[in-house]
Amino acid sequence: MTTALDSHDPGRSDDGNPVGDPLLDGLNPRQREAVEYRGPSLLIVAGAGSGKTSVLTRRIAGLLRSREAWPSQILAITFTNKAAAEMRERVGAIVGDSAEGMWISTFHSACVRILRREAEAFGFSKNFTIYDSADSKALLKRILKELDADMFGLTVSKAANRISQLKNELTDVEGFARDANLNDPTEKKFLEVFRRYTRGLSDANAFDFDDLIGQTVYLFRAFPHIAATYQRRFKHILVDEYQDTNHAQYSLIRELTKPPTPEQFETSPGVLVQGQSNELEAASLTVVGDSDQSIYAFRGADIRNIVEFERDFPRSTVILLEQNYRSTQTILDAANAVISHNFDRKDKKLFTTVGAGDKIVGFTGYSGHDEAQFVADEIQKLHDEGVAYKDIAVFYRTNSQTRALEEIFIRAALPYRVLGGTKFYERAEIKDAFGYLIAVANPADPLALRRIMNTPKRGIGPATEAALQAWADDRGMTLRDAMRNASELGLGPKVTKAIVGLAEVLDEVMAKVETSKPADILTELLERSGYLAALRASQDPQDEARAENVDELVAVTKEFGKNNPDGTLLDFLTEVSLVAAADDLDDSSGTVSLMTLHTAKGLEYDSVFLTGVEEDLLPHRMSANEPGGPAEERRLFYVGITRARKRLFLSLAMTRAQFGEVNVAMPSRYLQEIPTELIEWKQSPGMANSRGGTQSRALNARRDGNSGGGSWSGSLRAAAAGGLPPAPPRAKTEWANPVTATVRDNGDLTLAAGDRIRHTDFGDGTVNQVTGAGPKSIADVQFDTAGRKRLLIKIAPIEKL
DNA sequence: CTTGCGGAATTTTTT
DNA sequence: ATTCCGCAAG
């Protein structure tokens, strides 16, 4: 450890260079204060793009460098695992190896770590399973069926949401029973559902996502000596995205920042550290947040946590970061204008010194496909100008909007990747493989067992399964026990053999769980269960892809083994249970990123396409009637806008396909909130409206019925009066037809420069150039009327002339 | 017990 | 449009 590292002298840096302190270089005065301030509690109100990650990492680095804290005394909570990894890396870059041993993780990861360590203390064993929302729903589905709860209007998703909300408020079954109105039969039924669900989880030795937080809080409250261990351990706690914390997470932080009391020392003999007075000091708390970016109220995030921080934590200090280092002034003006329509907020105005930059580009397509084509064309143009694909992102409100975008992107041969959505780990075959892994990791879990019992087909149907379960219930044993003793049930000899055989395989592999690597365990299970063999032997062509996915999973476990030589199966299962949509983001890949607005939070891109800016989509129909819904949707729009560094594209469609039906879409109310001079419309809603036949008449008809003062059409006319440039003439031919939705296959059609072709949407054109080989060849085509396009030859709707 | 058909529901956002 | 579920036939 060098003396420079210990130096607190701001005039020196690590290498003795007197130019400045690497911790403070390039920071503005507010940011410096946020890095250097020391006190019991600090709230950093950080507007979008104000460099909060930089401030947070330097603050941590500063604590380590000055020896105010050892790495093990720091707990930093981030929103995603990716953010955690990034923060660890950036702290490491400043202070080197001393970053090792810090707890930088999400709420959920930190809690799993604590729970695994302390599980035995309160009636769980440390190999508990983590149920994701799909698992929770599967359990609830069984319960609802058993109780005939659908007669009371209880659905799986309703019950799941309600239970999740209760848990986020730290209400357990007994707490709910006390306050519930049990004269209401529906409430009574729900209570029973809640009770059985809780029971089902504990029987399975499992926690759901919400339990991870809630049970940790319960653990701390019920066992003060355990809480004291962590209260003493963490001297500095830092929480990012504090505006998105819910009550349970808030309570966890409160527990951790309580000073350990002397009695607690006495109740934990053996852990007693000879009591200097500073051993009893509460941890210092730093939170970073921006109430304008609170977009998770739907899962219990409570904006009051940040608004009332100063009251909750007395002697706290607040530092405001308003200077934006990310976006152009045009983008910030639009963002400020939009967010200022939310009334219950502290006024905060982002500013920058980088200048106005380009105008926001607006576009209205005739359909979702038309809109997607616009996005694809603009991305191609940006790329031709030298913008890398990885610096471009496309945002949307709902995952279902990816379909149209993907269809067009594939056809245009644009490299893209979808973040979130149907994740790898949600695929059926991957869940099956995990079922096997969980079955050996946590034999008490019946959910995993049921999933694999008859996968691949072993002739063990629902009736057999029910018989096994009943046998187990009668004796207070687990489903797994019943399988081992299947011969006592008097089932057919074939079925009995299949059940006992499976139980034997599981038992034998389970014996090696402690000593074997996850990859070996998985491989053995897939072999001996016959799962992989069944997929390979299948006639269904999709099963081939499934087998590949399973192979991919094996590769993932091998990779995990390489990165974590001592990693157990339990470690692996924990890690994959907690990966989020944004976590597998790989910035180095040269692809355009597609994601929901929620996933986009915390990220930034040079060029951003915000699609589907329509009523019923943004704000979403479902949120329109909820209290605070429209305001939260506005914040979502605000988050999307502020992700853009240089260029922002806002697009919408006049019609959108939904549930297989085509519906008329209206421009979002939020569009009007952006000053018209900031947007340059390539095709405004009015322009799209005035052309074309029946579609626009339908739109007009509805709009007339809807037009009050300050309606959209009114502000459009104002915009037109302000002198918008006319639409580029080529727009007419280029966008006139909706793109055909079917994916075709041109076989081994080959093209060469100079060939003339005909495209169903773009008309005739001449091939400039062909790149790539085989099924990936791409034609660069100059169309006579529709401009220049790149097409994936194999699937483009074209013919050679 | 498995397969296959037709009707229903689905799509709001996520750790 | 696609997926999921329940029911009936094999």
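These values consider heavy atoms only, across backbone and side chains, with no hydrogens, waters or symmetry-generated copies. So you know, we letter chains A, B, ... as the sequences are listed, proteins then strands, and number each from 1. Model, not experiment: these values are computed from the prediction.
Remark: Ala428(A) engages Arg451(A) in a side chain to side chain contact (heavy atoms under 4.5 Å, CB included) (not counting sequence neighbours). Scored by the side chain to side chain contact (heavy atoms under 4.5 Å, CB included) test, Ser577(A) finds Ile130(A) as partners (sequence neighbours excluded). Partners of Arg403(A) by side-chain hydrogen bond (donor to acceptor under 3.5 Å, both in side chains), not counting sequence neighbours: none found.
Between the C1' atom of dT14(B) and the NE2 atom of His108(A) lies a distance of 9 Å, rounded to the nearest Å. Taking atom CG on Leu597(A) and atom C1' on dT14(B), their separation rounds to 14 Å, with Å as the unit. Separating the NZ atom of Lys158(A) from the P atom of dT12(B) is a distance of 13 Å, rounded to the nearest angstrom. For the pair Asn161(A) CG and dT15(B) P, the interatomic distance rounds to 15 Å; values are reported in whole Å. As rounded to whole Å, 13 Å separates atom C1' of dT13(B) from atom CZ of Arg635(A). Atoms NE2 (His620(A)) and C1' (dT11(B)) sit 6 Å apart, rounded to a whole Å.
Backbone-only contact: Asn454(A) has heavy atoms under 4.0 Å from sugar-phosphate atoms and none from a base. Tyr296(A) comes within contact range of the sugar-phosphate backbone alone, with a heavy-atom separation under 4.0 Å but no base atom that close.
Residues Val495(A) and Met622(A) each lie close to DNA chain B; by heavy-atom proximity, the contact nearer the 5' end of the strand is made by Val495(A).
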5' to 3', nucleotides 1-10 of chain C under a 4.0 Å protein heavy-atom cut-off (B base, S sugar-phosphate only, - none) gives BS--S-----
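For the pair Arg643(A) and Phe395(A), the cation-pi criterion (under 6.0 Å, within 45° of the ring axis) is not fulfilled.
The salt bridge (charged side-chain N to carboxylate O under 4.0 Å, His left out) analysis of residues 210-219 of chain A, with sequence neighbours excluded, yields the pairs Lys167(A)-Asp211(A). Among residue pairs with one or both ends in residues 629-640 of chain A, those qualifying as salt bridge (charged side-chain N to carboxylate O under 4.0 Å, His left out) are Arg397(A)-Glu633(A), Glu632(A)-Arg635(A), Arg634(A)-Glu673(A); sequence neighbours excluded.
Checking dC1(B), dT14(B), dT13(B) against every side-chain atom of Arg299(A), the shortest atom distance belongs to dT14(B). In the set dC1(B), dT3(B), dT13(B), dT13(B) carries the atom at the smallest distance from any side-chain atom of His598(A). Taking only side-chain atoms of Thr599(A), from C-beta outward, the nucleotide of dT14(B), dT12(B), dT15(B) with the closest atom is dT14(B). Picking from dT15(B), dT11(B), dC1(B) the nucleotide with the shortest atom distance to the side chain of Pro462(A) gives dC1(B). Distance from the side chain of Ala463(A) is smallest to dC1(B) among dT15(B), dC1(B), dT2(B). Nearest nucleotide to the Asn399(A) side chain, out of dT13(B), dT3(B), dT15(B): dT13(B). With distances taken from any side-chain atom of Lys457(A) to the nucleotides dT3(B), dT12(B), dT11(B), the minimum falls on dT3(B).
Both geometric conditions, a ring-centre gap below 5.5 Å and a plane tilt below 30°, are fulfilled for Phe298(A) over the base of dT13(B).
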